[in-house]
Visitor: 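The structure is given below, and queries will be raised subsequently.
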2 protein chains.
Amino acid sequence: MNKKVSIKDIAQSVGVSTALVSYVLNNKEKEARVGKEIAQVIRDTAAEMGYQPNQIAKSLKTGKSHTFGLIVADISNPFFANLARNVEDEAKNFNYTVIFASADESPKKSQNLINILTERQVDGFIIAPAENSQDQIASILKSNIPLVLIDRYFKELETNYVVTNNYDASYNAVSHLIKAGHKNIGMIAYRTDLVHMLDRRRGYMDALKDNKQLKAKTPLIKTVDFDFTQDDVEAGIKELLTRNPSMDALFFATNTLTLKGLKALNNLNCKVPDDIAVVCFDESEAFDFFYSPLTYIEQPLLEMGKKAVQILIKNITDKKSANTQLSIPSRLVVRQSCGSGDR
Amino acid sequence: MNKKVSIKDIAQSVGVSTALVSYVLNNKEKEARVGKEIAQVIRDTAAEMGYQPNQIAKSLKTGKSHTFGLIVADISNPFFANLARNVEDEAKNFNYTVIFASADESPKKSQNLINILTERQVDGFIIAPAENSQDQIASILKSNIPLVLIDRYFKELETNYVVTNNYDASYNAVSHLIKAGHKNIGMIAYRTDLVHMLDRRRGYMDALKDNKQLKAKTPLIKTVDFDFTQDDVEAGIKELLTRNPSMDALFFATNTLTLKGLKALNNLNCKVPDDIAVVCFDESEAFDFFYSPLTYIEQPLLEMGKKAVQILIKNITDKKSANTQLSIPSRLVVRQSCGSGDR
DNA sequence: GTTTTCTTGTTAAACGATTAAGCATATATT
DNA sequence: AATATATGCTTAATCGTTTAACAAGAAAAC
């Protein structure tokens, strides 16, 4: 029972060929010169029979699935969850369905997801690429599947991408700390060669340099792995404090680093901003509730999501279209975690 | 160029029929009595040519897409984002791909998503149903598509579902407040008839009743719409305080209500827990950073996600299997927002 | 009164797989 | 030696669409 109704059923019921039904239901009556009355009859019985087109069959025939894959590090990370939501909404505007997947910064998982999605014939990819996934990305490029990188990209690869201006954002944030009078600014970052992280480090370094604050031989940066724990950050901060006991500010490179970092600071009995001032990348609901509301870098998630989709669709529609490389500025939201310089 | 390699290409290259290739590549050599040597040749050239099966074609033929839809209210809400991640992981264990979608608590959007996903031939649904979506759910049931409701369900519908025990969790949370000595406990909830919310209200009411705390003719509950603003909550709290100036505790029914609620309390200069104690449903990173770390109800997201997938798969595999209705207990995480009773 | 041109359809191949059924040969059984 | 069974592979239909190519009757053109 409850067999789904197909175009054939409608054709039979109306007494015409399936071709006619297909034309009508795809609004190709004009091109196919279908009679006005019969078109209406077809439409009516289709509605009456509760016809729902089989997209799978459609896709097989047309070679377009009207679907694309969004691969991020972790959909449960608020940064990616918000990005995903924006991507979802914009995709719907173009009648596209998106399949999300989490690669956990692992090239192995990433490759696996790419395979699965490719087999499902996605029309394109939006990917926040994991470290060491250049080859995978390159091979997507080679197989001519439309692709937009997001959040990060690879310098050596000619691709579309949409990122925030990590360098400027970091430069500004650290400059802000300097203007607030801090003289020994440390940084906690991820141990990775992904450009977004390198850019954030460069921004930090250059801000120090340009303000003649680069004293130590080794920069006051501590990195942790992607799967870091609370203890790792705490140890990191401790180490920085050992290397430079007069460290008076910290720049955190992401939201997750910040969250654990703040707890670490609490454990270490460091007061923000009096003992240590804080600025961080990304936002979090939590930042509002920290006793000293955090000054943070707000990424343009809505625009990034929208643009990524638009570029992807353009690429799907016209595979020969030139690459678009977008770097959208972030905004420094100044609150109270930097001390006197705030406000 | 770069045409995808199909089973036909392999067949041609090896010099056999497509049937043989299909059998081998699906590990049906035994049943199909394929020669050992030729099987190996087929496998090798398939690998060599970089064959990737076209799942679309496979789906069309087999009628199984190995895909299911997950419809939640909003994927950017941490509650749903975490749930989604757990669903994704468990689905992968069964080699299923999941398509997420956000319905924003709107029956209209929900119906639209159901249609889209049905046309895409998903093998099943996991849905956190929106209000007034009974008909949609019923029609999924009628068309015999496997379905598991999550987070909420409809009393009048015989479906699979996986929820937390909202009644008990609320009852316990409010009892905890009472034990802590609070005598005028208010509640902020959503204005909806969805069972999960009604159960949370019942839990609240019964806890008060059982402790002889139900004095006012109208319960000290204020509800807001799903698309509430910060101001709505603030107005709500104010109203409760007007109705009962000695209100000394608040029970928030969800994470989003709590987040705005805490800001409202700040605006109103209410100190937690001294002026107003607080307990809330769901968790949030933010709760750790509130000056008085919140006591909250931790939902069993991992288990809910896993179980929902398992039940769905069981239902897909055996459409005649009986409905499973799971109510998994939540845990009250006691911290400092309830005053003396904590610890 | 042919021929041409519209109109309004139909036919059938194709997309890339799966799989029941069939067809040779070779080997085993009696 | 005749029959039965195994073995190894092919044929062809099918899933639900799309769409180029063709057909046939009516109207228009000459």
Side-chain angles (χ1 to χ4, degrees), chain A residues 2-43 46 49-67 116 118-123 143, chain B residues 2-43 45-46 49-67 118-123 143:
Chain A
N2 254 319
K3 198 80 198 61
K4 282 195 187 122
V5 13
S6 76
I7 244 180
K8 204 191 276 180
D9 300 324
I10 302 177
Q12 224 145 45
S13 169
V14 179
V16 294
S17 69
T18 62
L20 216 51
V21 178
S22 173
Y23 287 132
V24 172
L25 264 25
N26 285 296
N27 301 313
K28 301 209 173 141
E29 324 170 39
K30 295 272 139 54
E31 305 92 297
R33 304 158 317 192
V34 181
K36 263 209 155 197
E37 311 79 22
I38 199 72
Q40 195 52 52
V41 176
I42 290 174
R43 243 186 277 277
M49 300 176 75
Y51 173 69
Q52 292 195 292
N54 183 327
Q55 287 294 342
I56 295 276
K58 212 167 198 161
S59 297
L60 179 58
K61 187 75 232 281
T62 62
K64 314 259 86 223
S65 64
H66 251 72
T67 296
I116 290 176
T118 307
E119 291 177 1
R120 290 213 132 80
Q121 314 297 122
V122 292
D123 292 342
S143 39
Chain B
N2 256 317
K3 197 81 199 61
K4 282 198 187 119
V5 13
S6 75
I7 243 179
K8 203 192 278 180
D9 300 324
I10 302 176
Q12 225 146 45
S13 169
V14 179
V16 295
S17 70
T18 63
L20 217 51
V21 178
S22 173
Y23 287 132
V24 171
L25 263 25
N26 285 296
N27 301 313
K28 302 211 173 139
E29 324 170 38
K30 297 273 139 53
E31 305 91 299
R33 303 162 316 193
V34 181
K36 261 209 157 198
E37 311 79 20
I38 198 73
Q40 195 52 52
V41 176
I42 290 174
R43 242 186 277 278
T45 53
M49 301 176 73
Y51 173 68
Q52 291 195 294
N54 183 327
Q55 287 293 341
I56 294 276
K58 210 168 200 159
S59 296
L60 179 58
K61 185 76 230 282
T62 62
K64 314 259 86 224
S65 65
H66 252 69
T67 295
T118 306
E119 291 177 1
R120 291 213 130 80
Q121 314 297 123
V122 292
D123 292 342
S143 38

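Numbered from 1 within each chain, the chains take letters A, B, ... in sequence-line order. Nothing here was measured: the structure is a model prediction, and the numbers come from that model.
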Visitor: Does the C:dT7 base have a donor-acceptor partner in the side chain of A:Arg33 within less than 3.5 Å?
Guide: no

Visitor: Taking the side chain of A:Ser6 as its heavy atoms from C-beta onward, which of C:dG16, D:dG8, D:dT17 lies nearest to it?
Guide: D:dT17

Visitor: Closest approach to the side chain of B:Ile38, judged atom by atom: which nucleotide of D:dC15, C:dG9, D:dC9 is it?
Guide: D:dC9

Visitor: Whole angstroms only, please: what is the CD-P distance between B:Glu29 and D:dA6?
Guide: 20 Å

Visitor: If I compare all heavy atoms of B:Lys4 with all of B:Asp9, which pair ends up nearest, and what's the gap?
Guide: O-OD2, 3.7 Å

Visitor: Hey, is the side chain of A:Lys8 poking within less than 4.0 Å of OP1 or OP2 on D:dT17, counting only N and O atoms?
Guide: no

Visitor: Rounded at 0.5 Å granularity, tell me how far OG1 in B:Thr18 sits from NZ in B:Lys8.
Guide: 8.5 Å

Visitor: Checking contacts here: which listed nucleotide (D:dT11, C:dT10, C:dG16) is nearest the side-chain heavy atoms of B:Ser17?
Guide: D:dT11

Visitor: Would you indicate what A:Ile7 reaches in the nucleic acid, counting non-hydrogen atoms under 4.0 angstrom: base, sugar-phosphate, or nothing?
Guide: sugar-phosphate

Visitor: Measure CD/B:Glu119 against C1'/D:dG16 and give the value in whole Å, please.
Guide: 13 Å

Visitor: In terms of the nearest nucleotide of DNA chain D, which residue is placed more toward the 5' end: B:Thr62 or B:Gly35?
Guide: B:Gly35

Visitor: When you measure from the side chain of B:Thr45 to the backbone of B:Val41, do you find a donor-acceptor pair of N or O atoms at a distance under 3.5 Å?
Guide: yes

Visitor: Between the side-chain atoms of A:Lys58 and the base atoms of D:dT17, is any donor-acceptor pair under 3.5 Å?
Guide: no

Visitor: Rounded to whole Å, how long is the line connecting atom CD1 of B:Ile42 with atom C1' of D:dT10?
Guide: 12 Å

Visitor: Once you round it to whole Å, what is the distance between P of C:dT18 and NE2 of B:His66?
Guide: 13 Å

Visitor: Please pick, from C:dT11, C:dG16, D:dT18, the nucleotide with the shortest atom-to-atom distance to any side-chain atom of A:Ala19.
Guide: C:dT11

Visitor: Below 4.0 angstrom from OP1 or OP2 of D:dT17, is there any side-chain N or O of A:Ser22?
Guide: no

Visitor: Would you say C:dT18 has OP1 or OP2 under 4.0 Å from some side-chain N or O of B:Asn26?
Guide: yes

Visitor: Examine the base of D:dT17 for any acceptor or donor lying under 3.5 Å from a partner atom in the side chain of A:Lys61, and report the outcome as yes or no.
Guide: no

Visitor: Ignoring hydrogens and angles, are the base of C:dA20 and the side chain of B:Tyr23 linked by a donor-acceptor pair under 3.5 Å?
Guide: yes

Visitor: Can you tell me which nucleotide in D:dT7, D:dT18, C:dG9 comes closest to the side chain of A:Leu20?
Guide: C:dG9

Visitor: About how many Å separate OH of B:Tyr51 and CD of A:Glu119, when rounded to the nearest 0.5 Å?
Guide: 8.5 Å

Visitor: Tell me the interatomic distance from B:Asn27, atom CG, to C:dT18, atom P, rounded to whole angstroms.
Guide: 11 Å

Visitor: Could you pull out the closest heavy-atom pair between A:Leu60 and B:Ile56, with the gap in Å?
Guide: N-CG2, 3.7 Å

Visitor: Output the rounded distance in Å from CD (A:Gln55) to C1' (D:dC15).
Guide: 15 Å

Visitor: Measure from the side chain of A:Val16, starting at C-beta and using heavy atoms only, and say which of C:dT10, D:dT17, C:dG16 lies closest.
Guide: C:dT10

Visitor: What's the closest nucleotide to the side chain of A:Ala57 if the choices are C:dA17, C:dT18, D:dG16?
Guide: D:dG16

Visitor: I want to check one thing: is the phosphate of C:dG16, taken as OP1 and OP2, less than 4.0 Å away from some side-chain N or O of B:Tyr51?
Guide: no

Visitor: Nearest-Å distance, CG (B:Leu25) to C1' (C:dT19)?
Guide: 15 Å

Visitor: Which part of the nucleic acid does B:Ile56 contact within heavy-atom distance under 4.0 Å: base, sugar-phosphate only, or nothing?
Guide: nothing

Visitor: Using whole Å, what does the distance between atom P of nucleotide C:dA20 and atom CD of B:Glu31 come to?
Guide: 10 Å

Visitor: Using modelled atom types and a 3.5 Å cut-off, is there a donor and acceptor pairing between side-chain atoms of B:Ser65 and backbone atoms of B:Gln121?
Guide: yes

